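Protein chains get the first letters and strands the later ones, always in sequence-line order, with residue 1 at the start of each. Note that this is a predicted model, so its numbers are computed, not measured.
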Amino acid sequence: MSTYTPSEIEAKWQAAWADAETFKAVRSGDKPKYYVLEMFPYPSGNLHMGHVRNYTMGDVIARYKLATGHNVLHPMGWDAFGMPAENAAMATGIHPKEYTYGNIAHMKSQMQPLGLSLDWSREFATCDPEYYGQQQALFIDFLAKGLIYRKKATVNWDPVDMTVLANEQVIDGKGWRSGAEVERRELVQWFFKISDYSDELLTALDGLDDWPAKVKLMQSNWIGKSRGIDISFKRKDGGDPIVCYSTRPDTMRGASFIAVAPDHPVAKELVNGNPDLADFVEECRKMDTTEAAMEKADKKGMDTGIRVQHPVYPDRELPVWIGNFVLMDYGTGAVFGCPAHDQRDLDFARKYDLPVQNAFYMPGDETEVGTEALVPAKTEPVVFIDHFAGITDSTSQNAIDATIDYFEAQGLGKGQTQFRLRDWGLSRQRYWGCPIPIIHCEKCGVVPEAKENLPVQLPDDVSFDIPGNPLDRHPTWRDCACPKCGAAAQRETDTMDTFVDSSWYYARFTAPHAATPTDIDDAAYWMNVDQYIGGIEHAILHLLYSRFFARAMRMTGHLPQGTQEPFNALFTQGMVTHEIYQTTGDNGRPVYHFPSDITDGKLADGTAVDIIPSAKMSKSKKNVVDPDDILAKFGADTARWFVLSDSPPERDVEWTASGAEAAFKHLSRVWRIANDAASADGGHADQDADLLRAMHKTIIDVTNGVESFGFNAAIAKLYGFTGVLAKSKASAGAKQQATKVLAQLMSPMTPHLSEDIWALLGGEGLIANAPWPVADESMLVEDTVTLPIQINGKRKSEIAVAADTDKATIEGLALADPAVQKALGGATPKKLIVVPGRIVNIVI
RNA sequence: GCCGGUGUGGCGGAAUGGUAGACGCAGGGGAUUCAAAAUCCCCCGACAGCAAUGUUGUGCCGGUUCGAGUCCGGCCACCGGUACCA
């Protein structure tokens, strides 16, 4: 007998699938459609185990759905624009286009041997002009419908390299290449009006029954609907009033200062005549733009000298400060500080010696706030001090509502529903992205490119020897004719955020070469995605943007009216993690090392490295593991089996090399068992029922496992059934039947091996097209059950009873059990709990 | 900081509120073999005990329950996101 040789088997069956076009998706009326999609990869250069895990999961679903009678669409493409290509261009001189398409070719060559059931005829890369040209058409249509607008926004500016930096390129407030302190700078940029859909995107979460609750919760918190009030504070100097947004107007009695953002109009108006203030605002600018940096920074402020009047207690005067912790993007860019009931405000007040005054006490405890703010849950009753809205004992929740009513009635403020969600800035000052199809004409202003001139293609003749956007300094690319008046004009040199590319690719897969962004008939047939699979790191941004795009595309006629949400079901897999090996470089910055360069925690020269456990695999951190070796040594089926078997799919998995060997041994064993079964004769027919009962049980377990993404549990059951089959003395016919079913149940995970076994045992056609086995439930009824007996919740014994034994009989049997008799010592139990088919618990 | 998640043997992990540790890895022992590889069988949380068995045990503290890995409250650690990484 020959041995299990994956290299032969896998090439053979991949060719068979290709010849039969088994996975080509064609619209059809006689089967229900099923669209399964994994988040498409960024072509970083090498496939890593995270990809293998992700695509194998999707493949299991796709193959299972094919076997259960669905017309399956399972496409693949490339999220191909992005910064790494430009970084590579700066580092090595290779052109981003060459880098990207080279990486795609290599990764595709690594992906194809995995035997994924993909319809490669639909493949595209987002950097294909055919794709991004349609994206430009979408931009123009969105703009026409008022879904896109321009405004000023803050970016990270590297004053040495004279370039905009991504948040990732800012390390401890400094530019990653220049090391210069990053500044904030305002640029006019394009925005999607995603905030128009805040309420819609929030309420529609309720309908996403097959999304993980955690993702819906994260999105809900991100959108952040809150009810509050805009309160106007009159300036003593007669200037325009300062409007503060607050969700806690019930704490107004304790308001002791106003804080405005450093880029608030009030601050801007003052810096001219006040050098100290100007210095402070300048200092506030020297911080990167991330929320985390803002929130973690020391709270600093400076008095502007402006005083406002307390709206409820007119004889009280509040100072107006500039605070580095106030965000211009949220609310009105100004807040009132109530130190007694907000820890951050309290720290600020103590630091700058501002008054602290309670608005309420806890019942029976009139202690004034010291170093810890009094912040009870909004549902807890508190005692308000001379509350202006006529409230004394109340929860804050009720007091907030009453206070808003009071302010509105008094004409002091206006109730507001506020969302945390901000509009989506899409402009990027970079080369390797989709050009924004806009022309700036001296006469006509900002004009969208005419659709017949699309795609606006990126020029190839660019250089990356200096930082900044090469489109900006290209000698001729900007020059064009105004589509409106025909006069000489200039193209916009900003490109689009790469999140735009990935916000509609799922729709493009339904008609990847249509002359419009989508073909409405194809979209109507294939949409929505029935099962979407990807990393939890995309829980908010990518998924929220895609949900917005589906709505915007429907509004502009690019998706059918029935399409609301893009993804019916979502599964978020965990990440493949690996230790990071790090040393510190001369400049104090971390230096990363490849796992292959580390022996026993040391570099070759003996330098000890810091080990950071379980971090997301990332090329820049050099902790990526290549699947090539595994594939070369054991084949695709082993790699697929292993990544599914070792860990629950929603959880992170720490990559280790051991285990793949065991997976290979197991598949070799299955191969041997199948060959034995094929040549078996004789056997004991009286053993058949036991084998077939185990088979039917396994059909149920594996089917449930696949349906519920319990792949590791399904595989554990398959191990168990393989053991039963190996030991079985049943007749040849029963063994062959069981082996064919085993091959079928394994086929979503190990498609090549399964095809081979199927063919060996005379299965009809391809196993990929064979209908999924159905369990005979009548074979699963158990005659007897074993009931554990607990005494005071601890297991002491067990009894075997007929499955249909009534409670009273079980009670009698349990009490008669020697272990129970011993524990009781003649006493009567206090309580006796019998859960039929489950357990007996005796309380003594 | 804020939002979300995770925590179970030496390791990956299993367990509708019902026998904690399925299945696999690593380790130990044995069979087969001239020997090895491959394969097959057995053992394998900790402590005590020759053993039967007993005690203990799911990050920490507390609670609900006949019964908690699972539910609730409070902590700790780690991971993801934090709007220009993808």
Engineer: Taking the side chain of A:Lys296 as heavy atoms from C-beta outward, which of B:U39, B:A83, B:G1 is closest to it?
Structural biologist: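 Looking only at heavy atoms from C-beta outward on A:Lys296, the closest nucleotide is B:G1.
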Engineer: Distance between the P atoms of B:A46 and B:G57, in whole angstroms?
Structural biologist: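 Pairwise P distance, B:A46 against B:G57, rounds to 16 Å.
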Engineer: With heavy-atom distances below 4.5 Å as the criterion, would you say the side chains of A:Met162 and A:Trp157 are in contact?
Structural biologist: yes
Engineer: Check the distance between B:C84's C1' and A:Phe192's CZ and give it to me in whole angstrom.
Structural biologist: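 Those two atoms, CZ and C1', are 14 Å apart.
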Engineer: Taking N and O atoms by type only, does the side chain of A:Gln189 place a donor or acceptor under 3.5 Å from a partner on the base of B:C84?
Structural biologist: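 Such a pair is found, so the answer is yes.
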Engineer: Taking the same atom, P, in B:G9 and in B:A22, what whole-Å distance lies between them?
Structural biologist: 13 Å
Engineer: Using atom CG of A:Leu667 as one end and atom P of B:U39 as the other, report the distance to the nearest whole Å.
Structural biologist: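 A:Leu667 atom CG is separated from B:U39 atom P by 13 Å.
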Engineer: Tell me the partner of B:C25, counting only Watson-Crick (N1-N3 plus N6-O4 or O6-N4) or G-U wobble (N1-O2 and O6-N3) with both under 3.5 Å; none if nothing fits.
Structural biologist: B:G10
Engineer: If the C1' atom of B:U8 is compared with that of B:A20, how far apart are they to the nearest Å?
Structural biologist: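 It comes out at 8 Å once rounded to the nearest Å.
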Engineer: Under 4.0 Å, counting only non-hydrogen atoms across every strand here, what does A:Ser668 touch: a base, just sugar-phosphate, or nothing?
Structural biologist: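 Answer is nothing: A:Ser668 stays at 4.0 Å or more from every strand.
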Engineer: Given the ring of A:Trp222, does A:Arg420 sit roughly above its face, with NZ or CZ under 6.0 Å from the centre of the six-membered ring and within 45° of the axis?
Structural biologist: yes
Engineer: Looking at B:A51, which nucleotide sits across from it as a Watson-Crick or G-U wobble partner, both distances under 3.5 angstrom, or is there none?
Structural biologist: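 Because no pair has both required distances under 3.5 Å, B:A51 counts as unpaired.
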Engineer: With rounding to whole Å, what would you report as the distance between B:G59 and B:A14 at their P atoms?
Structural biologist: 14 Å
Engineer: Please give, in whole Å, the distance from B:G80 C1' to A:Met39 CE?
Structural biologist: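 Those two atoms, CE and C1', are 13 Å apart.
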Engineer: Could you tell me whether A:Gln429 contacts a base, only the sugar-phosphate backbone, or nothing, with contacts defined as non-hydrogen atoms closer than 4.0 Å?
Structural biologist: base
Engineer: Within the 4.0 Å heavy-atom criterion, would you say A:His538 contacts the bases, only the backbone, or no part of the nucleic acid?
Structural biologist: base
Engineer: Please state the C1' separation for the pair B:G18 and B:G67 - nearest whole angstrom.
Structural biologist: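 After rounding to an integer number of Å, I get 7 Å for this pair.
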Engineer: According to the interplanar angle, ranging from 0 to 90°, do the rings of A:Trp424 and A:Phe548 count as parallel (below 30°), tilted (30 to 60°) or perpendicular (above 60°)?
Structural biologist: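 A:Trp424 vs A:Phe548 ring planes: perpendicular.
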Engineer: Could you please name the option among B:C85, B:A83, B:G4 that lies closest to any side-chain atom of A:Leu217?
Structural biologist: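 Within the option list, the nearest is B:G4.
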Engineer: For B:G62, which nucleotide is its Watson-Crick or G-U wobble mate, given both distances must be under 3.5 Å?
Structural biologist: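 Per the H-bond distance test, B:C72.
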Engineer: Base, sugar-phosphate, or nothing for A:Leu421, non-hydrogen atoms under 4.0 angstrom?
Structural biologist: base
Engineer: In whole Å, what separates the P atom of B:A77 from that of B:C25?
Structural biologist: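 My reading of the P atoms in B:A77 and B:C25 gives 36 Å.
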Engineer: Using whole Å, what does the distance between atom C1' of nucleotide B:A83 and atom CG of A:Asn167 come to?
Structural biologist: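 Value for this atom pair: 8 Å.
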Engineer: For A:Trp671 and B:U39, what is the distance between atoms CH2 and C1' respectively, to the nearest whole Å?
Structural biologist: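 Between C1' of B:U39 and CH2 of A:Trp671: 17 Å.
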Engineer: Just by distance, no angles: are the side chains of A:Asn469 and A:Gln429 close enough, under 3.5 Å, to form a donor-acceptor pair?
Structural biologist: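 No, A:Gln429 and A:Asn469 have no side-chain donor paired with an acceptor closer than 3.5 Å.
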Engineer: Does any nucleotide pair with B:U16 by Watson-Crick or G-U wobble geometry, both distances under 3.5 Å, and what is it?
Structural biologist: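 Result: none.
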Engineer: Identify whether NZ of Lys or CZ of Arg in A:Lys151 sits under 6.0 Å from the centre of the six-membered ring of A:Phe191 and within 45° of that ring's axis.
Structural biologist: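 Yes, a cation-pi geometry.
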Engineer: Let's test this: given Watson-Crick or G-U wobble pairing with both distances under 3.5 Å, identify the partner of B:G45.
Structural biologist: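 Checking every strand shown, B:G45 finds its partner in B:U56, with both distances under 3.5 Å.
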Engineer: Base, sugar-phosphate alone, or nothing: which one does A:Lys665 contact when heavy atoms must sit under 4.0 Å apart?
Structural biologist: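 Sugar-phosphate contact only.
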Engineer: Can you give one letter per nucleotide of nucleotides 14-24 of chain B, 5' to 3': B if a protein heavy atom sits under 4.0 Å from the base, S if only from the sugar-phosphate, - if neither?
Structural biologist: S-B-BB--BSS
Engineer: Nearest 0.5 Å, what's the NZ-OG1 distance between A:Lys296 and A:Thr290?
Structural biologist: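 Result: 8.0 Å between the selected atoms.
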